[in-house]
Every structure is written in structure tokens, then in C-alpha cells.
Amino acid sequence: MAASHTPQSSQSSQPPQSPRTPSAFDPWNPEFVANPYPAYAELRERGRVHYYEPTDQWLVPHHADVSALLRERRLGRTYQHRYTHEDFGRTAPPPEHEPFHVLNDHGMLDLEPPDHTRIRRLVSKAFTPRTVEQLRPYVDRLANELVADLVAAGGGDLLTDVAEPLPVAVIAEMLGIPESDRAPLRPWSADICGMYELNPSEETAEKAVRASVEFTEYLRELIAARRKEPGDDLISGLIAAHDEGDRLTEQEMISTCVLLLNAGHEATVNATVNGWWALFRNPDQLAALRGDRSLIPTAVEELMRYDTPLQLFERWVLEDIEIDGTTVPRGAEIALLFGSANHDPKVFASPESLDLSRSDNPHISFSAGIHYCIGAPLARLELAASLGALLEKAPTLALAAEPERKPNFVIRGLEGLSVVL
């Protein structure tokens with residue numbers, strides 16, 4: 001999941017005569033947020049890189065460039081492993097935001113090697129294909145129970161009744177968070193993730209700081225309890241690895257748990273509701289899926305591509321880099337447009353069409369390179385489980401009311417999805 005930053009440079013990273021962003025790109029315009037894909041087509045048509053002054057970022061819209069830059073070592077999720085804020089031409093975040101940045105900056109998504117390598121090696125043991133496959137009975141059972149309750153009620157909100165509780169419960173179970181403690185997890189996550197939008201407000205920052213403090217305090221207590229009484233969970237496993245000599249500070253452990261919870265459900269929740277909203281708008285594809293459940297694996301990939309849950313992912317420019325004849329200088333920030341890349345006609349035939357049988361589908365919704373989503377196999381399992389349960393138990397599922405889209409641009413989702421049988 002991308003962490004967005006308010007512009008921090010005292011001097012713009014825009015050199016003279018840099019390519020300007022077409023006016024159609026407007027991440028605070030509700031019409032753009034409702035459907036950004038036409039604006040992305042304009043971006044791709046106008047060039048490979050565009051400077052966007054409101055966020056002091058360079059937008060990259062083409063699939064080939066986004067894919068290559070995700071693997072480019074002259075870019076980084078952080079710069080603090082190589083430069084001070086001053087050296088990099090940036091100012092430090094305000095002191096009152098420190099709890100959020102301490103929490104965020106010690107998670108592996110915002111670290112570079114060797115720290116990223118060390119933490120990812122430890123955590124990846126919990127997300128191997130074999131480990132994830134062992135979760136299948138639990139995930140399937142939970143998906144079926146949630147859908148059965150929805151059916152018994154004659155309908156409801158697909159977001160709150162199925163899409164949210166499934167991945168939150170799964171990642172909480174993996175971490176070893178007791179069921180009685182799980183109510184605040186989603187609100188904490190939502191408040192923290194508010195900081196990943198472009199130019200977050202001070203009110204958003206205050207909520208993120210408060211959630212960071214509360215979540216940190218809770219996990220510190222839980223880690224202390226697991227030290228005294230280990231269980232068969234990921235937190236106990238990280239403690240055991242630390243005790244055996246793998247270096248993992250308590251802050252890294254806390255930040256890792258928060259990252260796994262946030263990234264472990266945010267994309268899955270939004271992919272579920274975005275996906276069903278797309279299916280309701282494409283009844284021929286929904287009918288095809290209902291008639292042939294063997295389409296579920298390719299349907300999951302296509303729904304992730306068609307309405308990408310994470311629209312933008314950021315990188316700092318650690319050394320000058322040239323894109324299509326334009327030099328993007330050290331100290332600049334590049335915004336990789338996942339949603340645009342996933343609709344690039346050079347890669348996807350008829351990209352604006354939903355095609356659940358699409359077999360050639362190299363979407364980048366799970367990122368790429370060293371920061372490729374460690375939980376991708378689990379997300380695919382959860383999406384397939386909820387899709388399968390809804391197709392089986394709710395074959396007449398229909399939209400009850402037009403959904404309202406969340407105002408966020410970076411993390412793309414709906415306020416709810418009202419359904420009936």
C-alpha cells in the first residue's frame with residue numbers, strides 16, 4: 001500500500017519546460033474519482049511522464065514504464081537510508097505527526113535493503129503457498145458463514161456484511177489477535193490509511209496519529225503477553241525468530257503487524273465491492289460467471305485489473321533518472337499510476353471491457369519488484385472464496401441501490417454496496 005506525502009521540498013523538483021499534466025487529471029474532483037480511466041487515456045496519449053504541480057509529483061501512466069520503475073533501484077520507497085531530509089531537499093514531517101511516521105517508516109513497505117530484506121525474510125514464512133493453502137478450509141468456512149447470514153437476512157450491505165469481516169478476521173487470526181479485541185482494527189486501519197491519500201488534511205493527520213498511538217499501545221501489550229505465553233501465531237513466531245538471533249526490534253514488530261493488517265485487508269475489501277459493482281454493471285459477464293464457476297480464477301484477476309483498488313504507488317528518486325527524454329531529478333517523487341497501467345491498450349486488448357475469461361492479464365495491482373505484495377496468494381484465496389460463496393448461496397443477488405463512491409483517489413472503494421436477493 002502506498003504512503004502519500006504532502007509536498008515537503010522547499011524548492012519544486014520541476015525543471016524548466018517539463019511536460020505538464022493534462023487538466024483532466026484532478027484527484028479531488030468527484031467526477032474524476034468516480035471514473036478516472038478516461039483521464040488516464042489522455043495522460044497516456046500525451047506522453048510517458050507528466051509533472052503535476054499540486055502534489056509536486058511526476059505521474060507515470062504507461063504499463064511498461066510503471067512495471068520497469070517498480071524494479072528500478074535508482075528509486076526507493078524511502079530516501080532516509082541514504083540521505084538526510086536536508087541532503088535530499090526535503091523538510092522533516094511536523095513533530096506532532098511523529099507517531100504516525102514512526103509506525104509507518106518501520107514497516108517493510110517503506111524500507112529498503114538491507115532492513116527490508118531482513119524483515120521480509122522473516123514475515124514471508126507465514127505467506128508461502130503451502131502456508132496459505134493450509135488456511136483454505138478456514139477462509140472457505142468463514143466466507144460461507146458470512147454469505148449464509150446475508151442470505152438469511154434477505155440482503156444487506158456487501159461491504160460490511162462480507163467484504164470487510166472476511167479478510168480482517170483472517171489476518172487477525174494469523175496475527176493471533178483475540179476475537180474480542182478485533183472491533184477497533186478496521187477503524188484504526190481506515191484512519192491510518194487516510195494519510196496515504198494525496199495532500200492529506202491536518203484533520204486526517206490528527207486521526208492517523210491518534211490511531212497510530214492506540215494501535216501501537218495495543219500491540220505493545222499483546223507482544224508482551226505473547227512473550228510470556230507464546231501461541232501458534234505470527235506474532236509469537238516473530239518473537240521466537242528474534243530470540244533465536246534474527247534482529248527485529250519491537251518497533252519493527254509493531255509496524256509489521258500494522259502493515260500486515262492494513263495491507264492484508266484494505267485491497268481485498270475494496271476489490272470485493274469494486275468487483276461486484278463492476279459485475280452488476282456488466283450483467284452478461286455476471287451471467288457467464290454464474291453459468292461457469294471455473295471462471296473464478298481468471299475473474300479474480302480481471303476484477304483486480306478492471307477497477308484497481310490501489311490507483312497510485314509512490315517512489316522517491318534517489319538518483320537522476322531519464323524517462324522519454326525528460327530528466328526527473330534526485331529528490332523528486334514519482335507517482336506510478338497502477339489504474340492507468342492496468343488499462344493500457346498496448347498490453348490489454350479492449351482494456352475498458354470487463355472480460356472474466358481474459359487469460360493474458362499481467363496486471364500490476366499487487367505491485368512488482370522487491371515490494372511485490374507478500375500477501376497476494378492470500379488475497380486471491382479470499383477473493384475467490386467470497387466470490388464462490390456468493391455465486392453458490394446467493395445466485396439471485398442483485399443491486400438494491402446505486403452505491404456512493406468514497407471520495408478517496410489513491411485507495412479506491414465504495415461507501416457501501418446495498419444488495420438484495
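Both backbone and side-chain heavy atoms feed into the values below; hydrogens, waters and symmetry mates do not.
Between H97 and E202, the side chains place a donor N or O and an acceptor N or O closer than 3.5 Å (distance only, hydrogens not considered). Side-chain contact of S67 with R71: a donor-acceptor pair under 3.5 Å is present, judged by distance alone. Remark: the N262 side chain and the S189 side chain contain an N/O donor-acceptor pair separated by less than 3.5 Å. A donor atom on one side chain and an acceptor atom on the other are not found under 3.5 Å apart for N361 and Y306. Side-chain N/O atoms of E214 and W188 include a donor and acceptor closer than 3.5 Å. Residues H50 and Q57 bring no donor and acceptor atom of their side chains to less than 3.5 Å of each other. When only modelled atom types and interatomic distance are considered, T326 and D324 share no side-chain donor-acceptor pair under 3.5 Å. Inspection of the S294 and D292 side chains reveals an N or O donor paired with an N or O acceptor under 3.5 Å. Counting only N and O atoms by type, the side chains of R412 and T308 include no donor and acceptor under 3.5 Å apart. Under 3.5 Å, the side chains of Y51 and D56 contain a donor-acceptor pair of N or O atoms.
Comment: E319 does not engage R330 in a salt bridge, judged by the lack of any side-chain N to carboxylate O separation of less than 4.0 angstrom. Electrostatic pairing of R315 and E72 does not count as a salt bridge here, judged by no charged N lying under 4.0 Å from a carboxylate O.
To the nearest 0.5 angstrom, L158 atom CG is 10.0 Å from L414 atom CG. Put simply, CZ on R74 and CG on L69 are 9.0 Å apart, with the number rounded to the nearest 0.5 Å. One finds the OH atom of Y52 at 10.0 Å from the CG atom of L43 (value rounded to the nearest 0.5 Å). N342 CG to H363 NE2: the interatomic distance, rounded to the nearest 0.5 Å, is 7.0 Å. L387 CG to I296 CD1: the interatomic distance, rounded to the nearest 0.5 Å, is 5.0 Å. In this structure, NZ in K406 is found 10.0 Å from CD in E197, a value given to the nearest 0.5 Å.
Relative ring orientation between Y79 and W316 is described as perpendicular, the plane-to-plane angle rising above 60° on a 0-90° scale split at 30° and 60°.
For the pair T131 (side chain) and F127 (backbone), a donor-acceptor distance under 3.5 Å is absent. Side-chain atoms of D157 never come within 3.5 Å of backbone atoms of G416 as a donor-acceptor pair (strictly under, hydrogens ignored). The closest donor-acceptor contact from the side chain of R405 to the backbone of G413 lies under 3.5 Å. Distance alone, capped at 3.5 Å, is enough to place a donor-acceptor pair between the S255 side chain and the L103 backbone. Between the side chain of T272 and the backbone N or O of T268 there is at least one donor-acceptor pair closer than 3.5 Å. Side chain of T216 to backbone of S212: a donor-acceptor contact under 3.5 angstrom is found.
Dense packing is recorded around CD of E322, with more than 12 heavy atoms of other residues, nucleotides or ligands lying under 6.0 Å away.
Both tests pass for R305 against the ring of F348: distance under 6.0 Å to the centre and angle within 45° of the axis. Relative to the ring axis of F313, R77 places its NZ or CZ within 45° and under 6.0 Å from the centre. Figure legend: cation-pi geometry between R281 and W277, with NZ or CZ positioned under 6.0 Å from the six-membered ring centre and within 45° of its axis.
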Requested in this report: Show your working on side-chain contact (heavy atoms from CB on, under 4.5 Å) between I235 and C257 and close with a plain yes or no.
Outcome: CA-CA 8 Å; I235 290 177; C257 291; 3.7 Å; yes
Query - Derivation and outcome, ring pair (Phe, Tyr, Trp, His ring centres under 6.0 Å), residues H371 and H116 - result: CA-CA 9 Å; H371 290 291; H116 171 272; 4.4 Å; yes
Under 3.5 Å, which donor-acceptor pairs do the side chains of residues 169-185 form with other protein atoms, sequence neighbours left out?
unit_1, atom_1, unit_2, atom_2, d
E173, OE1, R182, NH2, 2.8
D181, OD2, Y218, OH, 2.7
R182, NE, I177, O, 2.9
R182, NH2, I177, O, 3.0

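Residues Q311 and P36 come closest through the heavy atom pair OE1-CG, 3.9 Å.
A search for ring-ring contact (aromatic ring centres under 6.0 Å, His included) contacts involving H265 returns nothing, not counting sequence neighbours. Y37 meets the ring-ring contact (aromatic ring centres under 6.0 Å, His included) test with Y40, H343; sequence neighbours excluded.
Side-chain contact between P345 and R44 is present, with at least one heavy-atom pair separated by less than 4.5 Å. With a 4.5 Å cut-off on side-chain heavy atoms, R226 and D233 count as touching.
Partner of L390 under the side-chain contact (heavy atoms from CB on, under 4.5 Å) criterion, chosen from N144, L150, L146: L150.
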